[in-house]
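What follows is a single structure, written as structure tokens, with notes after it.
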Amino acid sequence: MARRLRPVELDFVESAPLRLVFAAEVTAPPKAVYAALADDVAGWSCWFTGVSRAESTDGGRGRDVRLTGGTRFTETVLAAEPDAHYAYRVDATNAPGLRALLEDWRLTPAGGRTRLRWTFAADGPAPFRLMMTLARPGLGRAFRDSVRALEGRLATA
């Protein structure tokens, strides 16, 4: 059964006890990248490693995400600035250890390309934070693989 997490706001991205930040460039312009993040939530399962299903809820103000392996997230979108910023917090999950989670995506134009920065901001007990710190290389690899898959998806669109 899903557990409610602490409802954090955008400033949590700077104050979270655990912050993992990853960046990459995509050959597509910010408009296309933003559309894939915010407008085509169902498409995440086609490019983001580990996402088996995602759907927009509440008229785009929320998301329901399922990962391979059965982890579920109910989320609230906190920032939806076209071509620049997309962020959401997890309100409920069946994942153990989490107390709060916010994911923040920043898009910056880079000469016809897009610089994409993903911040995974979380809180949980010390063992959870240690586990996530040790998982950083794997999350970074998943991020890079996902960005490459997104790039391929956008190139064929």
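Since this is a predicted model, take the numbers as computed values, not measurements.
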>> Applying side-chain contact (heavy atoms from CB on, under 4.5 Å) to L139 and M132, what does each step give before you reach the verdict?
In response: CA-CA 9 Å; L139 281 173; M132 292 307 298; 3.6 Å; yes

>> The test is side-chain contact (heavy atoms from CB on, under 4.5 Å); show your working for R6 and F12 and say whether it passes.
In response: CA-CA 11 Å; R6 187 171 83 240; F12 185 68; 3.4 Å; yes

>> Using side-chain contact (heavy atoms from CB on, under 4.5 Å), reason through T71 and N94 one step at a time and then give a plain yes or no.
In response: CA-CA 6 Å; T71 302; N94 63 343; 3.7 Å; yes

>> Could you walk me through whether Y34 and W105 satisfy the side-chain contact (heavy atoms from CB on, under 4.5 Å) test, starting with their C-alpha distance in whole Å, then the side-chain angles of each, then the deciding distance to 0.1 Å, before giving a yes or no?
In response: CA-CA 9 Å; Y34 181 84; W105 296 82; over 6 Å; no

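Residue R3 comes nearest to A95 through the heavy atom pair NH2-O, 2.5 Å, listed as atom of the first residue, atom of the second, then distance. Considering every non-hydrogen atom in both V41 and A38, the closest pair reads CG2-O, 3.6 Å. D83 approaches K31 most closely through the heavy-atom pair OD1-CA, 3.2 Å. Nearest heavy atom pair, residue P30 against residue T114, reads N-OG1, 2.8 Å. The two atoms that bring A121 and V13 nearest to each other are CB-CA, 3.9 Å, heavy atoms only. In terms of heavy-atom proximity, R129 sits nearest to D123 at NH1-OD1, 4.1 Å.
Among Y86, F143, Y88, the one residue that satisfies the ring pair (Phe, Tyr, Trp, His ring centres under 6.0 Å) test with W118 is F143.
In this structure a side-chain-to-backbone donor-acceptor pair under 3.5 Å is present from S52 to R66. A donor-acceptor pair under 3.5 Å is absent between the side-chain atoms of R153 and the main chain of A149, judged by distance alone.
Every ring pair (Phe, Tyr, Trp, His ring centres under 6.0 Å) that W47 has, sequence neighbours left out, goes to W44.
Atom CD of E75 is separated from atom OG1 of T93 by 9.0 Å, given to the nearest 0.5 angstrom. One distance of note links CZ of R115 with CD of E25; it measures 6.0 Å at 0.5 Å rounding. Distance CZ/F48 to CG/L67: 8.5 Å, rounded to 0.5 Å. Atom CG of L10 is separated from atom CZ of R89 by 9.5 Å, given to the nearest 0.5 angstrom. The structure places CZ of R19 at 12.5 Å from OG1 of T133, a figure rounded to the nearest 0.5 Å. Rounding to the nearest 0.5 angstrom, the gap separating the CG atom in L18 from the CG atom in L101 is 9.5 Å.
Residues V21 and V33 do not share a hydrophobic cluster, clusters being chains of Ile/Leu/Val/Met/Phe/Trp/Tyr side chains in contact below 4.5 Å. Under a hydrophobic-cluster definition in which Ile, Leu, Val, Met, Phe, Trp and Tyr are linked whenever side-chain heavy atoms come within less than 4.5 Å, directly or via other members, V65 and V8 are assigned to different clusters. Linking Ile, Leu, Val, Met, Phe, Trp and Tyr residues whenever their side-chain heavy atoms come within less than 4.5 Å leaves L98 and L102 in two separate clusters. A single hydrophobic cluster is seen to contain both F22 and L116, as judged by linkage of ILVMFWY side chains at heavy-atom distances under 4.5 Å, directly or through other members.
Checked by atom type, the side-chain pair S146/T49 shows a donor-acceptor distance below 3.5 Å.
D64 and R53 are joined by a salt bridge, as a carboxylate oxygen and a charged side-chain nitrogen come within less than 4.0 angstrom of each other.
Side-chain contacts under 4.5 Å among hydrophobic residues (ILVMFWY), followed directly or transitively, place L130 together with L134.
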